[in-house]
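Just so you know, ligand 1 is whichever comes first in the structure, and atom 1 is the first atom listed for that ligand.
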Amino acid sequence: MSTTLPPLLAARAGHDDAVARPALSLHGVTRVFGAHTALDTVDLEVAAGEVHCVLGENGAGKSTLCNIVFGSLPPTRGEVRLGGEPYAPTSPADALARGVAMVHQHFSLVPTLTVEENLLLGRGVRRLRPDRAGLARRLAAIEETLGLHVDPAATAGSLSVGARQRVEIVKALLDRPRLLLLDEPTGVLGPDEIDGLLDTCRRVAASGTAVVLVTHKLAEVMRVGDRATVLRGGRVVGGGPLARDGATGLTAPDLVGLMVGRDSSTLDPVLAASVGVLDPRSDGAGPGGTGGSPAAAPPTSTQRAGTSASPGPTATAEDATATAPVLAVRGLVVVDDAGARRVDGVDLEVRPGEIVGIAGVEGNGQSELVAALSGAVRPTEGRVLLAGADVTAAAPRRRTALGLGVVPEDRHHEAVVASLSVTTNLLLGRLHRFRRLGLLDRRAMRDTAADLAHRFDVRAASLDAPMSSLSGGNQQKAVLARELSLDPLRCVVAAQPTRGLDLGAVDAVVGHLRAAADAGVGVLVVSSELSELLALCDRVHVAYRGALSDPVPTADPDARDRVAHLMTGARS
Ligand SMILES: Nc1ncnc2c1ncn2[C@@H]1O[C@H](COP(=O)(O)OP(=O)(O)OP(=O)(O)O)[C@@H](O)[C@H]1O
C-alpha cells in the first residue's frame, strides 16, 4: 500500500524527508496462535499526521495488530518499521520509550489511586522521585493544546466511564508519542464525549503524531479518518483514502462491503444506525458523516413490527400492559460512599414481552441502577421486585434462580473470568448442574458450551482455551449467550449489550433480544446508543442525575427529539 500524506504534510514532504517516510510500516506481518493465524502477511503504512482507521469484524485481528506494534506480542513473521527504522519492541515499556503509546479497549487505571497517582505510576519507575510539578505542567499543556481536562485529585474508581477514558488518553499522551494507537476508544463514551474524542484525534494528528484508530463505528471513521485499512480473517482485504471533506475515496457503504462482504443497503436499519451507516443525528436523510448511504431513518418499534427481520414485540407489548410486571422497581435510591445519591428515586416497570430502554449520557446513575438490579450493590431505599418476589436484598444467585439474566457493562470485571476456559465462562452460575457424584461432567459441559457457542456465534479457536484468548467482541457474545440461555429466564437486564461488537454481531444481539421478548421475557436495555434504543425498544426512559424520566413511547414520531431533549436534563 503506498503512502498518501494528508495535503498539508504532502506539501511539506518535499522539504522534510522524515515526513515522507511512514511513521509506521508493517511488511508481511503474521501472528500465529497455535493452529490459528490471527494476522496473515499484513502490509500497512501510517503517515505522521494522519488518522488511520483499522476496521474489521470481531476477531479480524485488529487488537493483535495493535498489540504487536505496542510490544505486547511479537509477530511470528514479518517486519515492523517506525519512522523508517527497524522496530521490534520487546515490551510495552520499550514501545513507550520509543514513542509508541496505546489506549486499550479496557481500562488499565488502578481504581483506588488518584488520577495523579495513576499518571505517575510507571513514570516513577524511571525516576527516583515522582515529578509532580512536571506532571502538572504537562497536564496543563495537554489541556491547552488538545482540550483534554482531567482532575488529578479525583480517585480513578469514582470517575465516570467517560472521564476514566479521558485519563487513559491523557496518560498515553504524556510522553508526546509519535504514534498513538487507540483500540476502540469510543465504545464506552456518550455522544458528546465521542465528539470530544474525535476532535482530540484530529488535534493529536495535527500536532504531527500518527494516529491508528480501531473502531467499529463507521460514522466515526468517516468523520475523523484520513485513510482506512480493512481486515477480514487476519488479512488486509482493502483500504485507502476516505471520502472525507469532499475528497473522493472510500465511503461508509464501501467499508461495510469490505468488512462483511455484504451490500450496506441490505443492512437492518437498527444495525446501520448503530454502526453509523445511517447518521443517528440525521432524520435518515444523510449518511454517516459523508459517503452516501441508504436514506432511511431507523425504524420505530411500530415500523419494526412489519419487517421480516423482526416480528416486532409491539403486539406483545400491548398485551403485556395487562399483565403483571416481571421487573418492578419502586422508589429506588443508591447512595455511594461519598454520600451522593447515584440513583435517586427510580420507578420502573418491565412486563413480559416488553423491551424497555434507558438512554442517557453515561454517568447519570445507569451503572449503579444496573448494579442494584443485579444484586452487586445494596440500595439505600426502595424495592426491587422480580416476578413478584422482593429481591431488594437478595444475593445475585437468588436473582439468577428467579430468572434474571444480567449483561453487565464492565465485561472484564463483572462478567468474565479471563483465566478460566471459554466453556466455564459460558456456564458460570450453573456449573452445579453439571455435578455428578461430586465430580463435574466435563463432557456434558463441553456439549452445552459448544451448543451455546454455535447458537450465539462465539468464535474461539478452542472452547478449552482461556476466555482471555477471545477477541473482545467474542467475549461479549459469550456473556450474552450465557445470560440469555438461563433457565428459567424471565427478565434480562442488558447494559451496553452491543458495545465492541461488529456489524454482524450487533445484528445478532438485536435479534436475540427481540427473540427473548417475543418468547415473553421482559427486557431492559441500558445503552448510550440512542438509535439502537429507539429502534429496539417499546419505550425509553432517560437517566439524568440518577433519576429516570417518564417513558417515551418509541412509536411517537417525535420520540428521538423528545429523548434527546430529556438527555439535556429537561423535565419533559
Ligand atoms: N492470546 C491469544 N491466544 C489465542 N488466540 C488469540 C489470542 N489473542 C487473540 N487470539 C485470536 O486471534 C484472533 C484475532 O483476535 P483480535 O483480538 O486481534 O481480534 P479483533 O479484530 O481485535 O476483534 P474484536 O473486534 O472482537 O476486538 C481471534 O480469533 C482471537 O481469538
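Taking only nitrogen or oxygen atoms, main chain and side chain alike, G56 does not reach within less than 3.5 Å of ligand 1. At under 3.5 Å, a nitrogen or oxygen of A60, whether backbone or side chain, sits near a nitrogen or oxygen of ligand 1. Not a single N or O atom of R459, backbone or side chain, sits closer than 3.5 Å to an N or O atom of ligand 1. Close N/O approach between G61 and ligand 1 is found [any backbone or side-chain N/O within under 3.5 Å].
Within ligand 1, counting atoms from 1 as listed, the ones closer than 4.0 Å to a heavy atom of E57 are 21 (O). Residue-ligand proximity, E184 to ligand 1, at heavy-atom distances under 4.0 Å covers atoms 25 (O), 27 (O). Close contacts between ligand 1 and H216 involve ligand atoms 25 (O) [criterion: under 4.0 Å to a heavy atom].
Regarding atom 24 (P) of ligand 1, its nearest protein heavy-atom neighbour is N58 ND2, 3.5 Å. In terms of protein heavy-atom proximity, atom 23 (O) of ligand 1 is nearest to G59 N, 2.7 Å. Remark: minimum distance from atom 27 (O) of ligand 1 to any protein heavy atom is reached at Q105 NE2, 3.1 Å. Protein heavy atom at the shortest distance from atom 1 (N) of ligand 1 is F33 CE2, 3.5 Å. The closest protein non-hydrogen atom to atom 10 (N) of ligand 1 is S469 O, 3.2 Å. Regarding atom 12 (O) of ligand 1, its nearest protein heavy-atom neighbour is A38 CB, 3.2 Å. At the shortest separation from atom 16 (P) of ligand 1 among protein heavy atoms lies T64 OG1, 3.6 Å.
Cation-pi check for R31 over F33 is met; the charged atom lies under 6.0 angstrom from the ring centroid and within 45 degrees of its normal.
Checking side-chain atoms of S485 against main-chain N and O of A481 turns up a donor-acceptor pair under 3.5 Å. Put simply, the side chain of T423 gets close to the backbone of L463: a donor and an acceptor are under 3.5 Å apart. Of the possible polar contacts, one joining the T400 side chain to the P396 backbone as a donor-acceptor pair under 3.5 Å is found.
Salt-bridge formation is detected for the pair R81/E79: a Lys NZ or Arg NE/NH1/NH2 atom is positioned less than 4.0 Å from an Asp or Glu carboxylate oxygen. Using a cutoff of 4.0 Å between basic side-chain nitrogens and carboxylate oxygens, R430 and D487 are not scored as salt-bridged. Between E50 and R227 there is a salt bridge, since a side-chain N of the basic residue sits under 4.0 Å from a carboxylate O of the acidic one. Salt-bridge check for D40 with R232: failed, with every basic side-chain N at 4.0 Å or more from each acidic carboxylate O.
Residue K62 holds the heavy atom nearest to atom 21 (O) of ligand 1 of all those in H36, K62, Q476.
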